[in-house]
Amino acid sequence: SSRTNPRSSVPRARAATGYGKRMMQPMTDCVERYALVVCDAQPDLLNALPKESRDLLLSNLNQIIGSARRAGWLVLFTGLQFPPGYEGVPERHRLFGGLRRLSCRQGGQGVTWLMEGHAGTEIEPTLAPSKEEHLAWRQRLRPGEELLGPLRTRGVTKVLVTGLKASQGVLATCQALVDEGLLLYVVRECVADDTVERRDAVLDHVLGQLADVLGWEEFYQRISEEIMMDTYVEMKYAQRAG
C-alpha cells in the first residue's frame, strides 16, 4: 500500500565509522553520519501497552530497524536494568523509588520489574538485536556515556529516536542527545506511551522543541532529500579539499 511502501528502505547514507572523535563535528567536516536509537523496548514496559498498540509498535520498530541496518546506519538499543534489590536507586525517586521500597518490604523477594537477570528486562526478542549492535543499559531516566560514548566514537551527527515511553525514555534520550549537538528525528508511528493521549501530548507539544517530529511518509521523503544534499555537499567539499 502507499502507506507501507516508503518504509521498505532508509536511503543509504555514509555509515558511521570509527574516525569521528567528537560528537559535535566542526563546520568544515561535511560528512553526516546517521544512527537509530531504540529506547526501552523491553517486555516489562511493552506489556503496559494495549495488545493492539504493542503489536503495531513492534511491527513499526522492526521495519525501521531493518531499514536502518540495510542502509548501514549505526543501530543502538538503550534500556533500564536495575541490580538485585534495586541497589543504588534512591527511595524517594519519583519513578523508580517505589520499586526499591517494595523490594525492601518484601525482603528482596518477588519484585523483579526491570531487574537485571530477568526476561522482562531484556530487549524484546522479536526486535532481535544483532551481536554487533550496542546495548546501552542504564539505571537512571536519562542516558549517559553508555549511549553517548558509542555515538561520539562513531562520529554520528544525526539520530532517529524511537521506542517508549514518549514521556520518559524517549524524551530523556532526546534531551541528552540535543545537549551533544546532534540533530534529531522522531517518527510518530515508532513511539508509544501508556496512553495515546500522553504520547500525542509529548509529540505535539514537547518533543518538537528538540527534534523533527514526522510521520512515516514525511520522514522518508525528508531523509531522502537530506542524504542527497549531504552527499552533494560532501562531494563538493572533497573536490575543493583535493
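Only this structure's heavy atoms are used, side chains among them; waters, hydrogens and symmetry mates stay out. It should be emphasised that the depicted structure is a prediction, and the values quoted were computed from it without experimental measurement.
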Is E145 atom CD crowded by more than 12 heavy atoms from other residues, nucleotides or ligands, each under 6.0 Å away?
yes
Going by the ring pair (Phe, Tyr, Trp, His ring centres under 6.0 Å) test, which pairs reach into residues 137-186, not counting sequence neighbours?
Y185-F219
Partner set under side chain to side chain donor-acceptor pair (under 3.5 Å) for T112, not counting sequence neighbours
none
Who pairs with A166 by side chain to side chain contact (heavy atoms under 4.5 Å, CB included), at least two apart in sequence or on another chain?
V191, D193, R199, V202
Heavy-atom side-chain proximity of T78 to L76 below 4.5 angstrom:
no
For N47, which residues count as a side chain to side chain contact (heavy atoms under 4.5 Å, CB included) partner, sequence neighbours excluded?
P43, R54
Within the structure provided, determine whether L160 and V186 are in side-chain contact (heavy-atom separation under 4.5 Å).
no
Listed by chain and number, what are the salt bridge (charged side-chain N to carboxylate O under 4.0 Å, His left out) partners of D212, not counting sequence neighbours?
R222
Heavy atoms, side chains only, cut-off 4.5 Å: are L114 and L45 in contact?
yes
State the CD-CG distance between Q81 and D40, to the nearest 0.5 angstrom.
11.0 Å
Ignoring hydrogens and geometry, is there a side-chain-to-backbone donor-acceptor pair from R188 to L214 under 3.5 Å?
no
Same cluster or not: are V196 and L164 linked, directly or through other Ile, Leu, Val, Met, Phe, Trp or Tyr residues, by side-chain heavy atoms under 4.5 angstrom apart?
no
Salt-bridge criterion met for D194 and K165 (N-O under 4.0 Å)
yes
I need the full list of salt bridge (Lys or Arg N to Asp or Glu O under 4.0 Å) pairs touching residues 115-137, with sequence neighbours left out, sorted by first then second residue.
R69-E133
L183 reachable from L74 in the ILVMFWY side-chain graph, under 4.5 Å edges
no
Non-hydrogen side-chain atoms of L177 and L148 separated by less than 4.5 Å
yes
